[in-house]
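Accompanying notes for the structure given below.
In what follows, chains are A, B, ... by sequence order, proteins preceding strands, each numbered from 1. What you see below is based on every heavy atom in this structure, not just the backbone, and it leaves out hydrogens, waters and symmetry mates.
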There are 2 protein chains.
Amino acid sequence: MTDSLSPRAQKLRDAGHKLTNARLAVLQALEESGGHITSAEVLGRVDEIDSSVGRASVFRTLDLLTGLAIIRPTYIGTSMTPTYVLLPEGHHHHIICTNCNRVIEFDECGLEAIAAELEHRLGVRLTGHLLEFYGLCDQCV
Amino acid sequence: MTDSLSPRAQKLRDAGHKLTNARLAVLQALEESGGHITSAEVLGRVDEIDSSVGRASVFRTLDLLTGLAIIRPTYIGTSMTPTYVLLPEGHHHHIICTNCNRVIEFDECGLEAIAAELEHRLGVRLTGHLLEFYGLCDQCV
DNA sequence: AATGCATTTGATACAGTGTATCATTTTAGT
DNA sequence: ACTAAAATGATACACTGTATCAAATGCATT
Ligand SMILES: [Zn+2]
Ligand SMILES: [Zn+2]
Ligand SMILES: [Zn+2]
Ligand SMILES: [Zn+2]
């Protein structure tokens, strides 16, 4: 069988995890959402995709994907209800307005140099990063 | 009265908020902790500092400080129980090992250039940032 | 295709975290 | 000191994430 697996599903399998319905449903929910989605929204979408998937498996999968650096929980504005962000190419960057909580995404980060330096100096192997600027958006300045 | 206010307390006042016992107790708890502290730990420390401070005010203050970019909630390893990080000079950087959850702090980031570019291009005013690398620490490589 | 086992699951009941409410207290400016 | 507005603490609540465990499933091997 020459199944064409999504890259993230492949990453799951490569890490030695099984590709179950629950996990694929969560991945699909995340990918359809386009980023910055709360656990409540994931639960809702997964329920539409496959209502037999249980609550616990959704949270287990979110933890698993976080550990594999496929998603990253972040906070927007308040201390509760994290937002899960897909990390498409191993990194993600946004600006959060501390006044209106608007989120502005951007692509360039120029962090490759410092990442390489850290790997060399600290002996770590870096697979991705999240860069979060905060301040006032153009509407709130 | 020439009260010498801590810089963060000053920042609170400058933003038009009152300097109450509850807020000062939470600030003190955060500062004594040295970074990466959970809400449960904040609640415990605040209770020692001033047991009359109520639970709700602690959470209200954490939200307030987050909005002012004085602290930032982040996740270590799992999707629950955020860790609050003090942002001493407007920015904070760490590496999280996706295997053992060790946290490695580092200082240099070299993000001033891109911050200035974003301010110019997007019309925003940036006051700080959080940079989170993830990967494997030297023990786990 | 059928087998076998370790992994994963779903249901449920639970623990813990953060919040709404509102009468009372406190702050800070006059 | 006086006052209005802001903030508080107590409580009860809602919601998010988790422990448990018998049953189901993925997948490597035959
Ligand atoms: Zn804004
Ligand atoms: Zn980047
Ligand atoms: Zn490690
Ligand atoms: Zn920095």
Distances under 3.5 Å only, N/O to N/O: pair up the protein atoms with those of nucleotides 1-4 of chain C.
none

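Side-chain N/O atoms of A:Ser57 include none lying less than 4.0 angstrom from OP1 or OP2 on C:dT8. Here B:Ser52 does not reach the OP1 or OP2 of D:dT8: none of its side-chain N or O atoms lies under 4.0 Å away. Within the structure, a side-chain polar atom (N or O) of A:Arg13 is placed less than 4.0 Å from OP1 or OP2 of D:dC27.
For residues 16-24 of chain A, proximity to DNA chain C is found at A:His17, A:Lys18, A:Thr20, A:Ala22, A:Arg23, defined as any non-hydrogen atom under 4.0 angstrom from a strand atom.
The CG atom of A:Leu43 sits 15 Å away from the C1' atom of D:dA14 (whole-angstrom rounding). One can place CG of A:Leu62 at 13 Å from C1' of D:dT18, the figure rounded to the nearest angstrom. Rounding to whole angstrom units, OH of residue B:Tyr84 and P of C:dT17 are separated by 10 Å.
Taking CG of B:Leu30 as the start and CD of B:Gln28 as the end, the distance is 10.5 Å to the nearest 0.5 Å. To the nearest 0.5 Å, atoms CD1 (B:Ile70) and CG (B:Leu86) are separated by 9.0 Å.
None of B:Glu132, B:Glu108, B:His129 except one satisfies the side chain to side chain donor-acceptor pair (under 3.5 Å) rule with B:His93; the exception is B:His129.
In this structure, B:His92 has its ring center under 6.0 Å from that of B:His36.
Nucleotides of DNA chain C nearest to A:Leu64 and A:Ala56 differ in position, and the one nearer the 5' end is that of A:Leu64.
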